[in-house]
Amino acid sequence: MGTIDPPAVPLCAAIAAEIRAVRMMMEAIADILVADSTLVAARLVELQALDLAIQQADESADLLERLAAGVEAGEAVRQVRLAAVQTRLMAAVVPAGNQHAA
């Protein structure tokens with residue numbers, strides 16, 4: 001794969017900023033929800049899912065920023081800290097049957 005299309009660089013950075021804005025909104029909602037101990041006790045699984053969504057948003061924004069900075073796609077994906085997300089994204093970078101190239 002080649003380098004990122006130059007006009008896409010600022011677009012990747014802008015999308016990363018949008019994702020971070022969504023993450024901030026989700027964090028604000030989570031802060032309100034976790035302040036209610038009854039709700040936390042009743043909806044712990046759902047709150048954990050919200051936390052995972054926040055982490056995925058953060059990782060996605062970080063990945064887009066790395067790509068915009070010129071980091072090679074495979075290396076950018078290898079830096080993703082959530083293993084399940086990294087695995088799914090690596091499948092998009094490395095053709096099926098060629099996983100050893102990652």
Side-chain angles (χ1 to χ4, degrees):
M1 269 186 197
T3 60
I4 193 165
D5 182 34
V9 171
L11 177 60
C12 285
I15 293 169
E18 291 295 322
I19 292 170
R20 290 202 191 285
V22 170
R23 185 205 71 210
M24 289 174 57
M25 287 185 272
M26 289 189 302
E27 284 178 336
I29 292 167
D31 288 344
I32 293 166
L33 297 175
V34 299
D36 181 339
S37 59
T38 304
L39 181 96
V40 171
R43 297 291 184 201
L44 186 58
V45 172
E46 291 84 357
L47 290 170
Q48 288 173 330
L50 179 58
D51 181 61
L52 181 58
I54 291 167
Q55 291 178 54
Q56 285 181 267
D58 199 39
E59 287 294 327
S60 297
D62 287 348
L63 175 60
L64 280 169
E65 287 173 343
R66 286 192 293 274
L67 291 172
V71 175
E72 183 270 328
E75 179 56 29
V77 172
R78 278 190 285 281
Q79 293 178 35
V80 171
R81 296 170 296 198
L82 297 173
V85 173
Q86 184 187 78
T87 299
R88 289 191 301 269
L89 294 175
M90 192 57 74
V93 173
V94 179
N98 196 17
Q99 281 3 22
H100 67 280

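Hydrogens, waters and symmetry mates play no part in the numbers below; they use all other heavy atoms, side chains included.
- Interatomic distance, CG of Leu39 versus CG of Leu44, reported as 10.0 Å (0.5 Å rounding).
- Here Glu59 pairs with Arg81 under the side chain to side chain donor-acceptor pair (under 3.5 Å) rule; sequence neighbours left out.
- Arg20 CZ: more than 12 foreign heavy atoms inside a 6.0 Å radius.
- Leu50 is not listed as a side-chain neighbour of Glu46, based on a closest heavy-atom distance of 4.5 Å or more.
- Residues Asp62 and Gln79 have side chains not in contact (no heavy-atom distance under 4.5 Å, counting atoms from C-beta outward).
- With sequence neighbours excluded, the residues forming a salt bridge (Lys or Arg N to Asp or Glu O under 4.0 Å) with Arg23 are Glu27, Asp58, listed by chain and number.
- When all heavy atoms are compared, the tightest approach of Met26 to Ala57 is CE-CB, 4.0 Å.
- There is no path of hydrophobic side-chain contacts, each under 4.5 Å, that joins Leu47 to Leu52.
- Using a 4.5 Å cut-off on side-chain heavy atoms (C-beta onward), Thr87 and Met90 make no contact.
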Inset, instruction - Dump the intermediate steps for side-chain contact (heavy atoms from CB on, under 4.5 Å) on Val80 and Arg88, then the final yes or no. - result: CA-CA 11 Å; Val80 171; Arg88 289 191 301 269; over 6 Å; no

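- A continuous path of Ile, Leu, Val, Met, Phe, Trp and Tyr side chains, each step under 4.5 Å between heavy atoms, connects Val40 with Ile29, placing both in one hydrophobic cluster.
- The distance from atom CD1 of Ile15 to atom CG of Leu11, rounded to the nearest 0.5 Å, is 4.0 Å.
- Here the closest non-hydrogen pair linking Ala73 and Leu67 is CA-CD2, 3.8 Å.
- In this structure, the side chain to side chain contact (heavy atoms under 4.5 Å, CB included) partners of Asp5, at least two apart in sequence or on a different chain, are Pro7, Ala8.
- When all heavy atoms of Leu82 and Gln55 are compared, the pair lying nearest together is CD2-OE1, 3.4 Å.
- Nearest approach of Ala30 to Ile54, heavy atoms of both residues: CB-CD1, 4.3 Å.
- When atom types are taken as modelled, the side chain of Arg66 and the backbone of Val71 share no donor-acceptor pair closer than 3.5 angstrom.
- One hydrophobic cluster holds both Leu63 and Val93 under the rule that ILVMFWY side chains link at heavy-atom gaps under 4.5 Å.
- When every heavy atom of Ala68 is checked against every heavy atom of Ala13, the shortest pair comes out as CB-N, 4.3 Å.
- Across all their heavy atoms, Glu65 and Ala16 have their closest contact at CG-CB, 3.7 Å.
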